[in-house]
Each structure stands twice: as C-alpha cells, then as structure tokens.
2 protein chains.
Amino acid sequence: MSDLSSTSALDQRQKRLEEEVSLEILRTAAGLEHFLAEGLKAHGLTMTQYNVLRILRGAGSSGLCRNDVGARMIAPVPDATRLIDRLISAGYAQKDTNPDDRRYTTTRITKEGLNLLARLDEPILDMHRSQIGHLSSDELDQLATLLKAARNQP
Amino acid sequence: MSDLSSTSALDQRQKRLEEEVSLEILRTAAGLEHFLAEGLKAHGLTMTQYNVLRILRGAGSSGLCRNDVGARMIAPVPDATRLIDRLISAGYAQKDTNPDDRRYTTTRITKEGLNLLARLDEPILDMHRSQIGHLSSDELDQLATLLKAARNQP
DNA sequence: TGACAATAGGTGTTGCAACACCTATTATAG
DNA sequence: CTATAATAGGTGTTGCAACACCTATTGTCA
C-alpha cells in the first residue's frame, strides 16, 4: 500500500497544522468580532448592519438592489430583505421600487445613515488599531497577503 | 499643531492597513465558518456544539463544569447551560451534580459523543485541507505565528 | 398572444444567541 | 448560629439568522 492511498505520518502532521491555522483564524476573528460588536452596540448597530451601511455608502447615490447587497457582504446573507428593512426602520436607508423593472427594489443610504457612518469612521479605525495595532507594518502586510492567498483557492 | 495630536497622512495610511487586515481576518474566518458549518450540518451539529464536544473530549472522564466549558470556547459563550442541554438531549453529553458542592454540575461527553467525534475527525481535517491546504507549510507556519501575535495584545 | 420559465423580492417558521434576571448552594463574618 | 456575600447554574425574553416556501414581475418561445 502506497502513501498515496494511506495517510502517512508526515501528512497527518500537515493536516494538524492546517487545522491549527484554521482555528487560529477562527479564534482571532471571534475576538475581533466580539470587540467590534461591543463598540457598535453603543450606536444601536450590529456588525451586519454596519457592513450593509458601509456597502450602501460605497454604492453611492445609485444604490443597490437587495440581492447585490447580500452578495457583497463579508458572509453572504440570504435574508437581505429584513436586514435592510431594519435599517429602513431606523432611518438609515430607504428603498424604492425601480420603475423600469418593478421586480427590482433599489436601496440607498440616507443622509442620517451617512452621518452615522461619518461619526463611526474614526472610532472604528481606533478599534481596529487597539486590536492589531501592535503589529508592525511588515507583519500587517504579510498577514494580509497570506490571508488573501488562503481565500484564493485554486 | 503637531502630528502627535493631529492625524498625519502616514498614520492614516497605517490605520487603513490595520482595517484592511481586520477585514481580511473576518472575511477568511467567515468563509471557513460557513464551509465547516455546512459540513457539520449533515451530522446535525452546529459549529458551537462541535466545539463544545471537542472541549469535553479534551477534558476526559473528569468532565468540566458548565462555566469552564464556556470559558474554553473560541468565543466565550454566556449561555452554556442551554447549549449543553441540547447536546444532552441529543445524547452526546451527560451532566451530574457534584455531590461535594451541589452548586457545580459536571458535564461529560458520552460514548455516543465520542463515537460521533471519531467519525468526524477525518472529514473535519479534510475540510480544513480543502480550504487552506493549498498553502505551503511555511506559509501555514507564518500565518499561525502572525495570528498568535495578533491576538497577543500588549 | 398565452403559457411557462426565470428572476427579484417578501414572508412564516424555527433555532440559536445575548441579555438580564432569578434560584440554589456554599463560604464568610459578626 | 445566623445574616449576608459570593458563586454556579437556570430561566424568560428578545432579536437576529437560516431555511423553505410564496408572490410579483418580466423574459421567452410555441
């Protein structure tokens, strides 16, 4: 029986390393998320809501249809409808049915939403800094590169 | 006004790098989590439940009290009670009140739970491999080191 | 044109997680 | 020994997310 079909000791070691790195990624992200969520809570926003607002701000005045919002999220969100509805209730977004194709509903960020994001920009940067600001520029660069490579599966 | 009180261009650039890395971490973790959750769902487990079972297996026959389980999780879980109760309902764990101090409830993994984990061990390793197995050993080592450094705040 | 596929959005239900609060048991101080 | 603090666990409620399914609108092809 060759090592192609069995699981060699070397391969086992490699697998454990892969698992360890996966767990490191999950742990680090969990810490970040917890910390950021805590900071956003003071402004009545969840991480998901904040990300949607960032996406809407990025989309500008032309807005986005709901599924496009879901597709651009960090984690694809199946239920963009009610997620956005909550932002609308809070006054941070608005929706309009597209008159050319009435299936589409364009969602835009409101002035209030923009104001809120503007107030949050610096605090958010400070939060990131407080979490990973002790890493050097080189380390940050390496980390970004490696993580991009990790997500870029062949 | 000195650069100590204002925000210099260089510092702004550094802050954006920090934010980018944070987002990379969150994105990568979200992808991993989504993929792992998908695989675990076939066995009726959530990521959180799987992690609890791993922790209980690691604790061995002496078991752990509920708050200790919560403390060892990737993300601290405030509601360990009902989380563990679900595992007990599924037959993967059991709880016993400690006779010496009746405030404590020791939770242990059952034979069924161990069997389930044993069945999952290889598939889980394969899942990790399919996600980040294209990275070299060196890259994995660097990633693990950098992530540990990231979480190790001064 | 008229049936039907395709696409975007909405809704009903369920389960889990977070928060706050409550109960039970033990330790401690007077 | 009793009152009180401290600790572990449990519970009630709320909100969000996931899944499946449904509706409305448009495109396509006989």
Side-chain angles (χ1 to χ4, degrees), chain A residues 26 29-31 33-53 63-90 92-108, chain B residues 26 29-31 33-53 63-90 92-108:
Chain A
L26 292 173
E33 199 156 347
H34 185 76
F35 185 79
L36 290 171
E38 191 71 18
L40 286 172
K41 199 163 55 180
H43 301 268
L45 285 183
T46 66
M47 278 282 284
T48 316
Q49 290 172 336
Y50 175 72
N51 287 329
V52 168
L53 286 181
L64 283 175
C65 78
R66 307 206 148 186
N67 282 343
D68 282 347
V69 173
R72 293 196 194 188
M73 293 288 288
I74 286 182
V77 175
D79 189 12
T81 297
R82 274 171 289 207
L83 176 53
I84 292 176
D85 282 348
R86 273 171 235 132
L87 290 175
I88 293 173
S89 303
Y92 300 136
Q94 64 183 62
K95 69 173 174 180
D96 299 289
T97 302
N98 185 328
D100 295 335
D101 186 337
R102 295 167 50 76
R103 287 174 299 183
Y104 287 76
T105 307
T106 303
T107 306
R108 292 181 183 83
Chain B
L26 292 173
E33 199 156 346
H34 185 76
F35 185 78
L36 290 171
E38 191 71 18
L40 287 172
K41 200 163 54 179
H43 300 268
L45 285 183
T46 66
M47 279 281 284
T48 316
Q49 290 173 336
Y50 175 72
N51 288 328
V52 169
L53 285 180
L64 283 175
C65 78
R66 305 207 149 186
N67 283 343
D68 282 348
V69 173
R72 293 197 195 189
M73 294 288 289
I74 286 182
V77 175
D79 189 11
T81 296
R82 274 172 287 206
L83 177 51
I84 292 177
D85 282 348
R86 274 172 234 132
L87 290 175
I88 293 173
S89 303
Y92 300 136
Q94 64 182 63
K95 69 172 174 180
D96 300 289
T97 303
N98 185 327
D100 294 336
D101 187 336
R102 295 166 50 76
R103 286 174 300 183
Y104 288 75
T105 305
T106 304
T107 306
R108 284 177 250 267

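Computed from a prediction, not measured in an experiment: that's the story for all the values here. Every heavy atom of this structure was used, including side-chain atoms; hydrogens, water molecules and symmetry mates were not.
Checked against side chain to side chain donor-acceptor pair (under 3.5 Å), A:D85 has the following partners two or more places apart in sequence or in another chain: A:R66. Residues passing the side chain to side chain donor-acceptor pair (under 3.5 Å) test with B:R82, sequence neighbours excluded: B:D79. Not counting sequence neighbours, B:Y104 has no partner by the side chain to side chain donor-acceptor pair (under 3.5 Å) test. Taking A:Q49 as the reference, A:L45, A:T46, A:L83, A:R86, A:L87 meet the side-chain contact (heavy atoms from CB on, under 4.5 Å) condition, with sequence neighbours excluded.
Across all their heavy atoms, A:A29 and B:A29 have their closest contact at CB-CB, 3.2 Å.
Where A:D68 and A:H34 each meet DNA chain C at their nearest nucleotide, the meeting point lying more 5' is that of A:D68. In terms of position along DNA chain D, the nucleotide closest to B:N67 lies nearer the 5' end than the nucleotide closest to the other residue of the pair B:R82 and B:N67.
The stretch residues 43-52 of chain B participates, sequence neighbours left out, in no salt bridge (charged side-chain N to carboxylate O under 4.0 Å, His left out) pair at all.
Shown for residues 98-106 of chain B: residues whose heavy atoms fall under 4.0 angstrom of DNA chain D, namely B:R103, B:Y104, B:T105. Contacts of residues 35-48 of chain B with DNA chain C (heavy atom under 4.0 Å): B:T48.
Taking the 5' to 3' direction, DNA chain D first and last meets chain A under 4.0 angstrom from a heavy atom at D:dC16 to D:dT26.
A:L26 CG to A:E33 CD: the interatomic distance, rounded to the nearest 0.5 Å, is 10.5 Å. Between B:T81 atom OG1 and B:N67 atom CG the span is 7.5 Å, to the nearest 0.5 Å.
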Which atom pairs, donor and acceptor, lie under 3.5 Å between side-chain atoms of residues 92-103 of chain B and protein residues at least two apart or in another chain?
residue: B:Q94; atom: NE2; partner: B:D96; partner atom: OD2; Å: 3.4
residue: B:N98; atom: OD1; partner: B:D100; partner atom: N; Å: 2.8
residue: B:D101; atom: OD1; partner: B:R103; partner atom: N; Å: 3.1
residue: B:D101; atom: OD1; partner: B:R103; partner atom: NE; Å: 3.1
residue: B:D101; atom: OD2; partner: B:R103; partner atom: NH2; Å: 2.9

side-chain contact (heavy atoms from CB on, under 4.5 Å) evaluation trace for B:I74 with B:M47: CA-CA 10 Å; B:I74 286 182; B:M47 279 281 284; 5.5 Å; no
